[in-house]
Amino acid sequence: MLQITLPDGSKREYEGSITVAGIAESIGPGLAKAALAGRVNGALVDTSFEVNEDSEVALITERDTDGVEVLRHSCAHLMAQAVQRLFPKAQVTVGPVTEDGFFYDFAYESTFTPEDLQAIEKAMGAIVKENLVVERSVMNRSDAIAMFNEMGEDYKVKIIESIPGDEDLSFYKQGDFIDLCRGPHVPSTGKIKAFKLTSVAGAYWKGDSDNDVLQRVYGTAWGSKADLKLYLQRLEEAEKRDHRKLGKHLDLFHFQEEAPGMPFWHPKGWAIYKAVQEYMQKVQDANGYKEINTPQLVDYTLWEKSGHASKFADEMFSVESDNRMYAIKPMNCPCHIQVFNQGLKSYRDLPLRLAEFGSCHRYEPSGSMHGLMRVRSFVQDDGHIFCTDEQIQSEVADFMDLLFSVYKDFGFDEVILRLSTRPEKRVGADELWDASEQALKDALNATGKHWELVPGEGAFYGPKIECSLKDCMGRIQQCGTIQLDFSTTERLGASYVAEDGSRKVPVMLHRAILGSFERFLGILIEHYAGAMPAWLAPEQAVILNITDKQGDYCRKTQESLKNKGFRVSTDLRNEKIGFKIREHTLQKIPYLLVVGDKEVESGCVAVRKRGGEDLGAMTIDDFCTLLSQDVAQFSRTEESSE
RNA sequence: GCUCUCAUAGCUCAGGCGGUAGAGCACUCCCUUGGUAAGGGAGAGGUCCCCGGUUCAAUUCCGGGUGUGAGCACCA
């Protein structure tokens, strides 16, 4: 007798062994049809898996996250089969699941065109209709290598050769297609109902740029057609929110060939930029930071001393003048140490928190640039905290608190924290790394929030915490960081007089909350779809006249609102009110103030909110109060305002 | 940097298998002074990304560059 425990705790008994599919069958025909895979004692298996001891079994369907992943993985196989039917010379390599779908890399003599993609998709549909059974089998290494050699699948042979040990390998076969795979897979191709191929691009074999370029075909697959449709709608929504598109439409910034990767900020974009910067200045001032400013062009020898030249020479812009080599600064820290080094510092001066909105340039690889998100010229909300070893933990903790509060003000409630530890190429003794990694761990634990460990991803001079936020599309955006640096201060000769009169080297914490303003603005634009909250909106209100008669009143109203510090413009063009409302609504202005004879007589403005809501007529003072309140609450949502 | 794609009016985009191009919106002027998402008319606007080659002739074909986009690689 075999006892199976289902997830709801109920138990079932079977004679001898039984497959997962068999268990599903015994529960009901609906489940038997829906079962894509099973989970036996925690391990994901095929429905053909035979259970021969007492076990906990769960049936996986398209409604489980795991089920969708199995579906996507099987869809990758489905695509590979379709490709080999259409292009017999194409060699298969690897085809994993991604966040929203899957891809498969092919080695092929030419590239796939969009028409090819359509043909592949069609062939996939045909294979789904054939409803081929997906069979698992096991083979030993040498047989497997012989088989793939015979098939001319060189990459598969390489993959098998790279798998250590002598263990048997599992294979999945559907019709004329067989692939090396850990599985599990759906029981038959007919289970895959909702998929779409999305794009094709080159990708390196094994992700190494020294290797061959393969053809990577991306696709997405879902448990149901409805889910697929939702996903495609999400893609469309993301496209609408693209900050490059909105930047043009809302006249915020532009790029041009003469300055690749370096934005030209227009008045409206710069107004947002300034609003963000002024906010950060206030916040940092209130939290013990001293703002400074340092040169953009610094003699190359400083970068040699700091250690940056040896590691990042290719990514630095340099200038020769007067027989001297200068680098355009790629970061502010060496300059901040120069400020620290002026005058003798005592332990009483620590922690010293220096902040700078310094313009930096980095020669980013051409292919990596992406609108405002990855640029060659940028400004960070950069800061360096010089402190003693004992102060590290509280400084990091204070920083984390500040970061959470800033993110909330911008409307981001969810923060993802990751600790990156020592990389292979690094400076500094292992004991220093031990201590500093521990200090960051302690600070992270003190936040009470969940965090992840990312081994080997730290900077060459120290470990770091990376802070990402989730935007309204659920995308994760890395912004803030705090990095421990126990080397650069020493290299650049920083020291302070300790309590006992000895000279000690301060620790430096590199930190930024927003990251670069450019990137952060890109994130904000997409998060708000260009409809900036009042405190950030480049134009907070536009005053619209009905006829020429109200022109003077409108100008006076604008003047008095500007005097109160609001960003207000007028639209006195000889156009109908409906036309003006439409235009400024499309420009996503938070408040439209309509002025006709009635408003002039009563000293009012008729207020219309961006969403179309009519707040009716109110006095200028009342509108000032309304706008002030709106501005004062930043972007905090109900639950995040304290 | 690598693979592929693309580059035409201020914007969004058509077009031409070689004979210097078109729409909508925006812009300018005129009419209209109209109360909450497009009033009407007229006009102006282009080195078809840059440099070479082929050709009687290149915006179109070919080569090279630059930039954009999707990925990959990179990201102090």
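None of the values given here were measured: they were computed from a predicted structure.
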Listed pairs under 3.5 Å, donor-acceptor, residues 423-430 of chain A side chains, sequence neighbours left out:
from   : atom 1 : to     : atom 2 : distance (Å)
A/R426 : NH1    : A/P423 : O      : 2.8
A/R426 : NH2    : A/D430 : OD1    : 3.1

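Distance CH2 (A/W205) to P (B/rU3): 19 Å, rounded to an integer number of Å. One can place CG of A/D251 at 14 Å from C1' of B/rC27, the figure rounded to the nearest angstrom. Atom P of nucleotide B/rU68 and atom CD of A/Q256 are separated by 11 Å, given to the nearest angstrom. Rounded to a whole Å, the CD atom of A/E258 is 19 Å from the P atom of B/rA7. Atom CZ of A/F264 and atom P of B/rG67 are 13 Å apart (whole Å). Remark: P of B/rU47 and CD of A/E257 are 15 Å apart, rounded to the nearest angstrom. With rounding to whole Å, A/E109 atom CD is found 17 Å from B/rU3 atom P. In this structure, A/N211 places its CG atom 14 Å from C1' of B/rU3, rounding to the nearest Å.
At a threshold of 4.0 angstrom between heavy atoms, the contacts of A/S366 include nucleobase atoms, whether or not backbone atoms are also involved.
Ring geometry for A/W433 versus A/F486: interplanar angle over 60°, hence perpendicular rather than tilted (30 to 60°). Between A/F106 and A/Y104, the two ring planes are parallel [angle under 30°; tilted spans 30° to 60°]. Taking the six-membered ring for Trp and thresholds of 30 and 60 degrees, A/Y231 and A/W222 have ring planes inclined between 30 and 60 degrees apart. Ring geometry for A/F87 versus A/F112: interplanar angle of 30 to 60°, hence tilted. Ring geometry for A/H243 against A/H370 counts as tilted: the plane angle lies between 30° and 60°, on a 0 to 90° scale.
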Which letter, B, S or -, goes with each nucleotide of nucleotides 70-76 of chain B from 5' to 3', with contact meaning a protein heavy atom under 4.0 Å? SBBBBBB
What string of B, S and - do you get for nucleotides 34-42 of chain B, 5' to 3', when a contact is any protein heavy atom under 4.0 Å? BBBBBS---
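Separation of the C1' atoms belonging to B/rA37 and B/rC25 is 15 Å when rounded to the nearest angstrom. Distance check on atom P: B/rG71 versus B/rA26 gives 34 Å, rounded to whole Å. Taking atom P in both B/rC51 and B/rU66, one finds a spacing of 15 Å when rounded to whole Å. With P as the reference atom, B/rC2 and B/rU20 are 38 Å apart, rounded to whole Å. B/rG15 and B/rG34: their C1' atoms are spaced 40 Å apart (whole Å). Spacing of C1' atoms, B/rA14 relative to B/rU55, comes out at 28 Å, to the nearest Å. Look at the C1' atom in both B/rG24 and B/rA58: the space between them is 29 Å, to the nearest Å. Across the P atoms, B/rA9 and B/rA21 are found 14 Å apart, a figure rounded to whole Å.
Using a 4.0 Å cut-off between charged side-chain N and carboxylate O, A/E395 and A/R511 make no salt bridge. Using a cutoff of 4.0 Å between basic side-chain nitrogens and carboxylate oxygens, A/D208 and A/K206 are not scored as salt-bridged.
Listed by residue number, there are no residues of residues 511-525 of chain A with a heavy-atom contact under 4.0 Å to RNA chain B.
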Evaluation steps, ring-ring contact (aromatic ring centres under 6.0 Å, His included), between A/Y461 and A/H510: CA-CA 11 Å; A/Y461 49 67; A/H510 305 248; 4.7 Å; yes
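Take A/T619 and apply the side-chain contact (heavy atoms from CB on, under 4.5 Å) test, not counting sequence neighbours, and it matches A/C604, A/D621, A/D622. Remark: A/D485 pairs with no residue by the salt bridge (Lys or Arg N to Asp or Glu O under 4.0 Å) rule, at least two apart or across chains. The ring-ring contact (aromatic ring centres under 6.0 Å, His included) check on A/F378 picks up nothing, with sequence neighbours excluded. With sequence neighbours excluded, the residues forming a salt bridge (Lys or Arg N to Asp or Glu O under 4.0 Å) with A/R374 are A/E364, listed by chain and number.
Within the structure, no pair that satisfies the salt bridge (charged side-chain N to carboxylate O under 4.0 Å, His left out) test touches residues 245-261 of chain A, not counting sequence neighbours. Pairs engaging residues 542-553 of chain A under the side chain to side chain donor-acceptor pair (under 3.5 Å) rule: A/N545-A/K580, A/T547-A/Q550, A/K549-A/D597, A/Q550-A/D597, A/D552-A/R555 [sequence neighbours left out].
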Between protein and nucleotides 9-14 of chain B, what N or O pairs are separated by less than 3.5 Å?
from   : atom 1 : to     : atom 2 : distance (Å)
B/rU12 : OP1    : A/K248 : NZ     : 3.2

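Counted by atom type alone, A/D105 and A/Y155 present zero donor-acceptor pairs between their side chains at under 3.5 Å. Between the side chains of A/E356 and A/T294, at least one donor-acceptor pair of N or O atoms lies under 3.5 Å.
Paired runs in RNA chain B that reach 3 or more consecutive Watson-Crick or G-U pairs, where each pair keeps both distances under 3.5 Å, cover B:1-4 with B:69-72, B:10-13 with B:22-25, B:27-31 with B:39-43, B:49-53 with B:61-65.
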